[in-house]
Protein chains: 2
Amino acid sequence: MTTAPSPAPDLSAVPDAELLRLDHQVCFSLHAASRAFGGYYRQALKDLGLTYSQYLVMLVLWEQGPQSVKAIGERLHLDSGTLSPLLKRLETAGLVRRERSREDERSVVIDLTDEGAGLRERALSVPRGVLAATGLSLEEVLGLQEVLGRLTGALGESAAG
Amino acid sequence: MTTAPSPAPDLSAVPDAELLRLDHQVCFSLHAASRAFGGYYRQALKDLGLTYSQYLVMLVLWEQGPQSVKAIGERLHLDSGTLSPLLKRLETAGLVRRERSREDERSVVIDLTDEGAGLRERALSVPRGVLAATGLSLEEVLGLQEVLGRLTGALGESAAG
DNA sequence: CACAACTTAGTTGTGCACAACTCACTGGGG
DNA sequence: CCCCAGTGAGTTGTGCACAACTAAGTTGTG
């Protein structure tokens, strides 16, 4: 936010009980923000017949084109347990096709149908509304994204290590 | 991407396709961060036998004492559809008691058992590890919390309005 | 070639989030 | 007093997240 030259957070100086309170706040903030975002999208995407997570998958396909379930999973940090049924629903909705790869019969390539590709046009109007609804400036959004990215990376490291 | 001293976000100057990309980033960041947080807690709370959401409920009870399902729901932005089964699981685990209020038979008051209250001691060590694992400074955490709070508020307004 | 180690999707089971609904209770106005 | 709108908790159904597992295909090594 400001100049903050001290890189040392000195968390060790804060008593446990205080941290528990702070933790409450942080946990809650992130959890609530994520769900508030989801709630907004639920509304905005209702016309398109997409859920929030399905929208994320479609964004990947719109940007990157056909790719395997694994590739989508890596991009969104989701595993097959989440993606398999989700992709089946998108297939049932007629938005994507699922085809076993010829080169590697283990992998399934997800491709957009014409309908799925066409949906992008209607989705273009969504983000503007969302970003406006956040009430954040473009700078704040970029800053938020940077901090969240670092947070996710650090937590991922910590979990993996 | 540089110094950009303008406080005006001027989202309207950004083309749709660019916004779709940005939206992808923001959605994804928040979603991923929330889940990374959840994943860390899943590990950290395994010993306590709590899930992330159950921990949030316990935090409320530890801080605020006995209260109705409705009060907990308002505090965490959760409805009875989520809380009822969650609280039943906490009851089954022996951590809380559920009792109909005598004054208003519609409401159910949730109270900690001795075991539930005792769990707080063991939970005190969790937040330090989490905050350390984020790799963020105390200042950054506070800043993040402030932005997320504004975001949630704005999205809530927008949904309600 | 044969076979073990690995990889990729998919399945199963548990729990959370939320919309839509039911049911019981409350309090206010005929 | 009686009815009725409103409120609080719970239930049901759908979808997501994730751990643990299975099934099928691939690849390296003897």
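Lettering of chains follows the sequences in order, A, B, ..., and the numbering in each one begins at 1.
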Would the distance check show the side chain of [X] and the main-chain N or O of [Y] forming a donor-acceptor pair, the cut-off being under 3.5 Å?
X: B/R98; Y: B/V109; result: no
X: B/R35; Y: A/H77; result: yes
X: B/T113; Y: B/L95; result: yes

Roughly how many Å is it from [atom1] in [X] to [atom2] in [N], rounded to a whole number?
X: A/R100; N: C/dT8; atom1: CZ; atom2: P; value: 12 Å
X: B/E103; N: D/dG8; atom1: CD; atom2: C1'; value: 14 Å
X: B/Q54; N: D/dA17; atom1: CD; atom2: C1'; value: 15 Å
X: A/L86; N: C/dA17; atom1: CG; atom2: P; value: 18 Å
X: A/L87; N: D/dG15; atom1: CG; atom2: P; value: 14 Å
X: A/L155; N: D/dC18; atom1: CG; atom2: P; value: 13 Å
X: A/K46; N: D/dG15; atom1: NZ; atom2: C1'; value: 16 Å
X: A/R35; N: C/dA19; atom1: CZ; atom2: C1'; value: 14 Å

| remark: When rounded to the nearest 0.5 Å, the distance separating SG of A/C27 from CD of B/Q145 is 10.0 Å
| What is the distance from atom CD1 of A/I110 to atom CE of A/M58, rounded to the nearest 0.5 Å? | 11.0 Å
| said: When both hydrogen-bonding distances must be under 3.5 Å and the geometry is Watson-Crick or G-U wobble, what is D/dG30 paired with, if anything? | reply: C/dC1
| message | Which is more 5' along DNA chain C, the nucleotide nearest A/V108 or the one nearest A/H31? Just name the residue. | response |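 That would be A/V108.
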| request: Could you check which residues of residues 66-84 of chain B get a heavy atom under 4.0 Å from DNA chain D? Sort them by number, please. | output: B/S68, B/V69, B/K70, B/S80, B/G81, B/S84
| task | Could you work out which one of D/dT7, C/dC18, D/dG25 sits closest to the side chain of A/R106? | result |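 Output: D/dG25.
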| With nearest nucleotides of DNA chain D determined for A/P85 and A/E105 from heavy-atom distances, which residue corresponds to the more 5′ nucleotide? | A/P85
| request: Ignoring backbone atoms, test whether A/S53 places a side-chain nitrogen or oxygen under 4.0 Å from the OP1 or OP2 oxygen of D/dA17. | output: yes
| message | Check this for me: A/R97, atom CZ, are more than 12 non-hydrogen atoms of other residues, nucleotides or ligands nearer than 6.0 Å? | response |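 Atom CZ in A/R97 is packed in, count exceeds 12.
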| query | Contact class for A/K88 vs. all strands (heavy atom < 4.0 Å): base, sugar-phosphate, or nothing? | reply | sugar-phosphate
| request: Please determine which of A/L76, A/L83, A/L86, A/T82 meets the side-chain contact (heavy atoms from CB on, under 4.5 Å) test together with A/S53. | output: A/L86
